[in-house]
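Just follow the structure's listing: the first ligand is 1, and inside any ligand the first atom is 1. The first residue in the sequence is number 1, and the count goes up from there.
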Amino acid sequence: MTNSNGNSHSAATKTPALRVIPLGGLHEIGKNTCVFEYGDELMLVDAGLAFPSDGMHGVNVVLPDTSYLRENQKRIRGMIVTHGHEDHIGGIPHHLKNFNIPIIYGPRLALSMLTGKMEEAGVMDRTKLQTVSPREVVSIGQHFKVEFIRNTHSIADSFSLAITTPVGVVVFTGDYKFDHTPVDGEYFDIQRMAQYGEQGVLCLFSDSTNAELPGFTPPERAVFPNLDRHIANADGRVIITTFASSVHRVSMILELALKHGRKVGLLGRSMLNVIAKARELGYIRCPDDLFVPIKQIRDLPDRETLLLMTGSQGEPLAALSRISRGDHPQVQVKSSDTIIFSASPIPGNTISVVNTIDSLMMLGAKVVYGKGEGIHVSGHGSQEDEKLMLALTRPRFFVPVHGEHRMLVAHSRTAQSMGVPADHCLIIDNGDVVELTPDGIRKGDPVKAGIELLDASRNGIVDARVLKERQQLAEDGVITLLAAISTDGLMVAPPRVNLRGVVTTADPRKLSVWAEREIGWVLENRWNQLARHTGGTTPDVDWVGVQREVELGLQRRLRRELQVDPLILCLVQPAPAGTPAYKGQVEQEPDTRPAPRGGRREVGREAPAGIQRLTPAASSAPRPVATPVAAAAAVQAPAAVAIQEAPVEAEPEGRARRRRSAAVAG
Ligand SMILES: [Zn+2]
Ligand SMILES: [Zn+2]
């Protein structure tokens with residue numbers, strides 16, 4: 001591993017290899033981030049984000065682990081952006097908070113979208129943005145010359161890259177399909193690509209998104225007649241949802257609105273932003289008066305309105321999702337509405353999309369969706385597009401990128417069918433290092449790769465431990481356990497066990513017996529390690545260690561006996577030496593007193609009231625709080641437990657609701 005003072009990697013000095021290191025985008029769709037490295041110079045290509053999958057509770061954004069970039073930040077000479085999709089630029093503002101990038105080159109539209117994000121994140125001063133034109137060549141450091149080759153994709157102003165390095169030319173396709181009738185008239189620069197192929201391409205890194213699909217991906221224009229027909233047939237309002245960043249699609253929809261005499265109302269922040277930027281830069285052309293503010297559009301006849309909005313992926317906070325739930329302040333569904341989903345769900349979003357469609361239909365609207373309608377085409381090439389790319393570039397070596405594992409395998413097979421030898425194809429994972437020399441390709445030692453999860457603030461990193469705890473909370477609930485232990489290692493009161501969200505048939509009494517046994521076991525077998533006698537009257541007790549031992553013991557028992565794995569929070573209430581020991585409930589008479597006030601049996605089952613009684617000595621001290629939150633805090637600092645007469649507090653309703661909606665967002 002390279003240190004941060006600019007010393008080059010040992011492998012790079014020993015052999016003159018070009019190192020290409022994808023930190024994201026492999027075995028997944030999203031967060032494409034790739035590092036090119038030669039000698040002591042490093043160049044980044046794209047830095048995207050991904051959206052959380054199920055189980056990533058409270059996570060809003062997924063980024064690649066950038067330890068490698070942080071460690072090597074002094075060596076970063078610059079960055080290239082291929083196009084403006086979130087999975088290619090969305091990570092940049094966050095990375096700029098952690099390290100500087102001297103300069104970022106990219107297409108106008110992408111950099112314009114990036115500027116907005118950087119302003120929001122307050123990192124405008126951390127880099128320089130430089131727009132490029134087709135066939136422009138930029139130098140990054142001493143070793144990289146990058147030519148921007150116009151390609152066609154679902155967003156306008158997209159590029160493939162030809163990167164000239166000391167070991168040869170590498171073609172990095174970016175996202176592409178071959179669309180010979182592009183909506184904006186910007187043709188794929190096939191001629192230039194072929195020239196590079198003619199001169200000799202050492203290695204091709206190519207988009208694998210649709211590597212499993214035979215044939216060519218249809219041109220974007222193919223959806224036009226179908227959208228046209230649905231809009232023509234609509235009696236009432238037309239509501240269309242698509243990706244805001246699908247600039248060509250948006251452009252066609254606006255063209256159709258004009259054609260059918262419908263005014264357009266826009267909903268959703270990204271829809272408004274992208275359209276404003278694309279119009280400003282000339283990628284979308286339409287008259288200003290085509291648009292009407294949402295508040296005024298209600299005054300127009302339904303047949304003369306078209307609403308274009310976000311929410312094609314069922315994102316809970318997007319306009320169409322809110323409309324489907326009936327909680328949008330300005331728009332309510334009418335039975336005469338025609339609602340068109342001009343997008344296909346990204347894997348992982350399918351359930352929220354079909355739920356949205358169901359809700360809209362239940363409100364009476366006509367909903368047009370699905371493959372058969374011809375209202376969506378992919379922006380990524382299929383097998384024949386991929387073959388054309390291979391044919392144009394004739395690479396010596398081939399690395400499929402931008403795709404899940406099976407797509408990479410399929411793409412590699414396609415390359416082999418076109419004569420690239422199997423041992424010239426490399427299937428890699430995030431963090432793998434592709435080492436290229438003029439006559440060889442191999443995998444070097446991998447660098448650290450993984451994910452960083454950000455919460456809604458995009459500042460707080462949700463680490464693996466936090467995520468594991470949230471998953472446990474969501475799936476198996478939480479058990480809090482309060483133990484009163486004296487500094488001479490005796491249990492001085494019965495443990496109090498509290499369950500939240502734990503489904504078990506076990507008698508709560510049994511749980512407290514188990515808790516008691518675990519505490520007893522730890523005191524008997526671990527106390528000598530956990531309490532050090534430093535000479536004073538009381539030993540120095542590692543209370544956190546005691547808690548952890550009890551938690552582990554109880555966790556093992558619950559897994560074994562009940563097959564549940566809740567989060568367990570043990571909180572120890574230290575008592576002074578000499579406090580009389582609690583004998584254990586097995587020997588005690590059951591107590592029939594009513595439960596203490598504030599207990600919430602309907603939420604969590606408490607241990608029977610009887611065993612909550614403290615021994616006389618211990619109850620002379622005030623009693624600790626056992627809410628999950630207080631307990632969590634107390635795990636850090638057992639001695640500082642707030643002690644008061646308020647046995648159990650239910651979780652505030654607002655918190656619970658927020659967590660639920662975050663889980664839905666995931
Ligand atoms: Zn992409
Ligand atoms: Zn893209």
Side-chain angles (χ1 to χ4, degrees), residues 22-35 44-51 53 61-64 79-92 106-114 117 148-161 171-179 182-184 186 188 204-213 217-220 242-251 270 274 277-278 283 312-313 342-349 376-382 385-386 389 399-405 407-408 411 430 451:
L23 295 174
L26 294 174
H27 295 95
E28 62 178 347
I29 299 282
K31 68 182 174 61
N32 299 283
T33 307
C34 192
V35 177
L44 262 165
V45 176
D46 290 340
L49 55 74
F51 294 101
S53 51
V61 168
V62 182
L63 292 170
M79 176 170 188
I80 302 288
V81 165
T82 58
H83 67 288
H85 275 152
E86 282 286 298
D87 61 326
H88 295 260
I89 63 168
I92 298 173
R108 287 194 306 159
L109 182 59
L111 294 194
S112 158
M113 289 162 71
L114 180 59
K117 292 173 196 295
F148 288 81
I149 301 175
R150 169 65 74 223
N151 71 17
T152 43
H153 183 39
S154 48
I155 192 170
D157 208 1
S158 173
F159 286 107
S160 295
L161 309 173
V171 169
F172 190 93
T173 66
D175 295 3
Y176 75 96
K177 69 174 174 184
F178 286 100
D179 187 338
V183 173
D184 60 359
E186 291 264 336
F188 202 127
L204 172 68
F205 288 77
S206 188
D207 174 6
S208 310
T209 311
N210 286 335
E212 297 166 294
L213 303 181
T217 298
E220 183 63 30
T242 188
F243 288 109
S245 60
S246 296
V247 173
H248 302 313
R249 187 74 46 86
V250 168
S251 174
S270 59
V274 175
K277 298 227 151 82
Y283 292 104
S312 69
Q313 298 300 307
S342 186
S344 63
I346 293 171
N349 293 345
H376 176 69
V377 292
S378 172
H380 299 270
S382 306
D385 299 80
E386 290 165 356
M389 182 60 86
V399 181
V401 292
H402 203 289
E404 294 165 11
H405 185 73
M407 304 165 186
L408 306 180
H411 201 175
N430 296 327
I451 50 176

So which of the N, O or S atoms of H85 lies nearest the Zn ion (ligand 2)?
ND1
Name, closest N/O/S atom of D175 to the Zn ion (ligand 2)
OD2
Do H380 and D207 have a side chain donor and acceptor closer than 3.5 Å?
yes
S382 versus T217, side-chain donor and acceptor atoms under 3.5 Å
yes
If the plane angle is over 60° it's perpendicular, under 30° parallel, otherwise tilted; pick one for Y176 and F178.
perpendicular
Checking only N/O/S atoms, does H380 have one that is under 2.8 Å from the Zn ion (ligand 2)?
no
Is the H411 to H402 ring centre distance short of 6.0 Å?
no
If I take every N, O or S atom of H153, is at least one of them less than 2.8 Å from the Zn ion (ligand 2)?
yes
Find the distance between CG (L161) and CD1 (I149) and round it off to the nearest 0.5 Å.
8.0 Å
Do you see an N/O/S atom of D87, backbone or side chain, under 2.8 Å from the Zn ion (ligand 1)?
yes
